[in-house]
Protein chains: 2
Amino acid sequence: MVELNPHPLDTVFHALGDATRRHMLRQLAGGERTVGQLAEPFAISLAAASKHIKVLESAGLIRREVRGRTHLCRLDPGPLASAHEWLNFYERFWANRLDALERLLREEDARKPPAPKGDDQ
Amino acid sequence: MVELNPHPLDTVFHALGDATRRHMLRQLAGGERTVGQLAEPFAISLAAASKHIKVLESAGLIRREVRGRTHLCRLDPGPLASAHEWLNFYERFWANRLDALERLLREEDARKPPAPKGDDQ
DNA sequence: CGTATATTCAACCACATGGTTGAATTAAAT
DNA sequence: ATTTAATTCAACCATGTGGTTGAATATACG
C-alpha cells in the first residue's frame with residue numbers, strides 16, 4: 001500500500017518486526033554504539049546494517065550523532081513507550097487469564113499442598 | 001530475507017505494524033467477530049481483509065472457529081503479552097527519563113517558584 | 001432443487017523489503 | 001599528500017506485502 005501518512009505505530013512496530021533490529025536495540029540498551037559496532041554481530045554487509053539502522057532511526061527509535069567519521073547511535077525510548085502503551089490496552093485480557101489461573105491455583109493450594117508446575121508460553 | 005524459522009516476535013510485531021490489523025484487534029477486544037464484520041469498516045475487498053485476518057491468525061493473535069458458513073474470530077492475547085513483555089525490558093529507559101524529569105521538577109519547585117520551560121526530546 | 005451468503009483461492013500487479021556489490025564521501029592517521 | 005577507516009549511496013536482485021478481480025467452495029434459505 002502507498003501509505004502517505006503512516007501512523008507512527010506502523011513504522012515502530014514494523015521496525016520491531018525484525019530480529020536483527022531488535023538485537024541492535026538491545027545493544028543500544030547498553031549505551032551508545034557506532035554503526036560498525038552495531039553491525040559487527042551480524043553476518044551481513046555494512047550497507048545492509050546501515051539500512052536497518054536507518055529504519056530504526058526513521059521510526060524514532062534511535063538518534064544519531066555524527067562525530068567525525070563515525071556515527072554514534074543511542075536509544076530513544078519514546079516510541080517504545082508508545083508501543084508499550086498501545087499494548088497496555090489489551091493487558092486486561094491476559095491479566096484476566098492470569099487472574100483466573102491465580103485464583104484457581106490459590107483454591108488448589110488451599111485444598112492440597114503441592115501443585116504441579118504449571119507453564120504457559 | 002528467507003527466514004526459515006522466524007522468531008515469534010517477528011510475526012507478531014509484523015502483524016501489529018499495520019493500522020488495519022490493529023483496528024481489527026480493537027474490534028475483537030469487544031468480542032467475537034465474523035470475517036465480514038471485521039472487514040466491514042474498511043474500504044478494501046473481502047479477499048484483502050481475509051488476508052489481513054490470516055496474518056493475525058498465523059501470528060497467533062486470533063483464533064478462528066468455523067461455524068457453518070461463517071468464521072468466528074476471537075482475540076488471543078498471548079502474543080500481545082509476549083510483545084508487551086519484550087517491551088517491558090526497556091521500561092527503565094522511559095521510566096528513568098520520567099523519574100529524572102520528576103526529580104528535576106521537584107527540585108526546581110523547592111527552589112524557586114516559576115521554572116523556565118526545559119525541554120528535551 | 002436452485003439461489004443467495006460467507007469466505008477462500010488463484011492469478012495478477014505495483015511497490016516495499018532485505019540483501020548484495022562496487023563506487024563515493026568524509027575524516028583521521030602517517 | 002597518501003593512505004586507511006567509517007559510513008553511505010546507487011544500482012541491482014529475489015522475495016514479500018497489500019491490494020485487486022473473478023472463480024471456486026461451502027453452507028443456509030425458500
Side-chain angles (χ1 to χ4, degrees), chain A residues 1-25 27-28 31-59 61-74, chain B residues 1-25 27-28 31-59 61-74:
Chain A
M1 207 217 298
V2 164
E3 181 68 81
L4 289 319
N5 189 17
H7 191 287
L9 281 181
D10 284 6
T11 58
V12 171
F13 279 129
H14 168 254
L16 295 181
D18 181 288
T20 301
R21 290 191 288 260
R22 286 198 306 278
H23 203 95
M24 286 176 166
L25 287 180
Q27 285 305 115
L28 289 170
E32 296 184 330
R33 296 285 188 277
T34 72
V35 169
Q37 288 173 329
L38 285 174
E40 187 266 329
F42 306 102
I44 60 177
S45 68
L46 250 161
S50 176
K51 285 187 190 176
H52 278 301
I53 291 169
K54 228 173 302 175
V55 169
L56 291 169
E57 193 179 15
S58 49
L61 287 161
I62 72 180
R63 302 301 187 85
R64 181 193 307 243
E65 180 192 349
V66 180
R67 209 179 183 189
R69 70 182 158 180
T70 76
H71 295 201
L72 253 281
C73 303
R74 62 183 189 287
Chain B
M1 208 219 295
V2 164
E3 182 66 85
L4 289 319
N5 189 18
H7 191 287
L9 281 182
D10 284 6
T11 59
V12 171
F13 279 130
H14 168 252
L16 295 180
D18 181 287
T20 301
R21 291 192 287 262
R22 287 198 306 277
H23 202 96
M24 287 176 165
L25 288 180
Q27 285 304 116
L28 290 170
E32 295 185 331
R33 296 285 189 277
T34 71
V35 169
Q37 290 173 328
L38 286 174
E40 187 267 328
F42 306 102
I44 59 177
S45 69
L46 250 160
S50 177
K51 284 187 192 176
H52 278 300
I53 291 169
K54 228 173 301 174
V55 169
L56 290 169
E57 194 180 14
S58 50
L61 286 162
I62 72 180
R63 303 299 188 84
R64 182 193 307 243
E65 180 191 349
V66 179
R67 210 180 184 188
R69 70 182 155 178
T70 75
H71 296 202
L72 251 281
C73 301
R74 62 182 189 288

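Not measured: the values here are computed from a predicted model.
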Check nucleotides 21-23 of chain D against the protein and report each pair of N or O atoms closer than 3.5 Å, with its distance, or say if there are none.
none

To the nearest Å, give me how far apart [atom1] ([X]) and [atom2] ([N]) are.
X: B/Lys54; N: C/dT8; atom1: NZ; atom2: P; result: 6 Å
X: B/Leu56; N: D/dT17; atom1: CG; atom2: P; result: 13 Å
X: A/Arg21; N: C/dA16; atom1: CZ; atom2: C1'; result: 12 Å
X: B/His23; N: D/dG18; atom1: NE2; atom2: C1'; result: 18 Å
X: B/Arg22; N: D/dG18; atom1: CZ; atom2: P; result: 12 Å
X: B/Asp10; N: D/dT17; atom1: CG; atom2: C1'; result: 16 Å
X: A/Lys51; N: D/dC13; atom1: NZ; atom2: C1'; result: 10 Å

Reading DNA chain C from 5' onward, which residue's closest nucleotide shows up sooner: B/Ile53 or A/Ala43?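 That would be B/Ile53.
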Positions of residues 32-40 of chain A (non-hydrogen atom under 4.0 Å from DNA chain C), listed by number: none
Among residues 65-73 of chain A, which ones have heavy-atom contacts with DNA chain C below 4.0 Å?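 The stretch gives A/Gly68, A/Arg69 as the residues lying under 4.0 Å from the strand, ordered by number.
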Can you tell me how far the CG atom of B/Leu28 sits from the CD atom of B/Gln37, to the nearest 0.5 Å?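 Reported to 0.5 Å precision, the distance equals 9.5 Å.
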Approximate separation, where rounding is to 0.5 Å, of B/Ser50 OG and B/Glu57 CD: 9.0 Å
Classify the ring geometry of B/Phe42 against B/His23: parallel below 30°, tilted from 30° to 60°, perpendicular beyond 60°.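 Geometry flag for B/His23 against B/Phe42: perpendicular rings.
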Any [X] side-chain heavy atom under 4.5 Å of [Y] side chain:
X: B/Asp18; Y: A/Asp10; answer: no
X: B/Leu16; Y: A/Leu9; answer: no
X: A/Ile53; Y: A/Arg64; answer: yes
X: A/Leu25; Y: A/Ile62; answer: yes

Please report the closest heavy-atom contact between [X] and [Y], naming both atoms and the distance.
X: A/Thr11; Y: A/Ala59; value: O-CB, 3.7 Å
X: A/Arg21; Y: A/Ala15; value: NE-O, 2.9 Å
X: B/Leu38; Y: B/Gln27; value: CD2-CB, 3.9 Å

Can you tell me if B/His14 touches the phosphate of D/dT17, counting only side-chain N or O atoms and a distance under 4.0 Å to OP1 or OP2? yes
Kindly say whether A/Lys54 contributes a backbone atom to a donor-acceptor pair with the side chain of A/Ser58 at under 3.5 angstrom?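 Yes.
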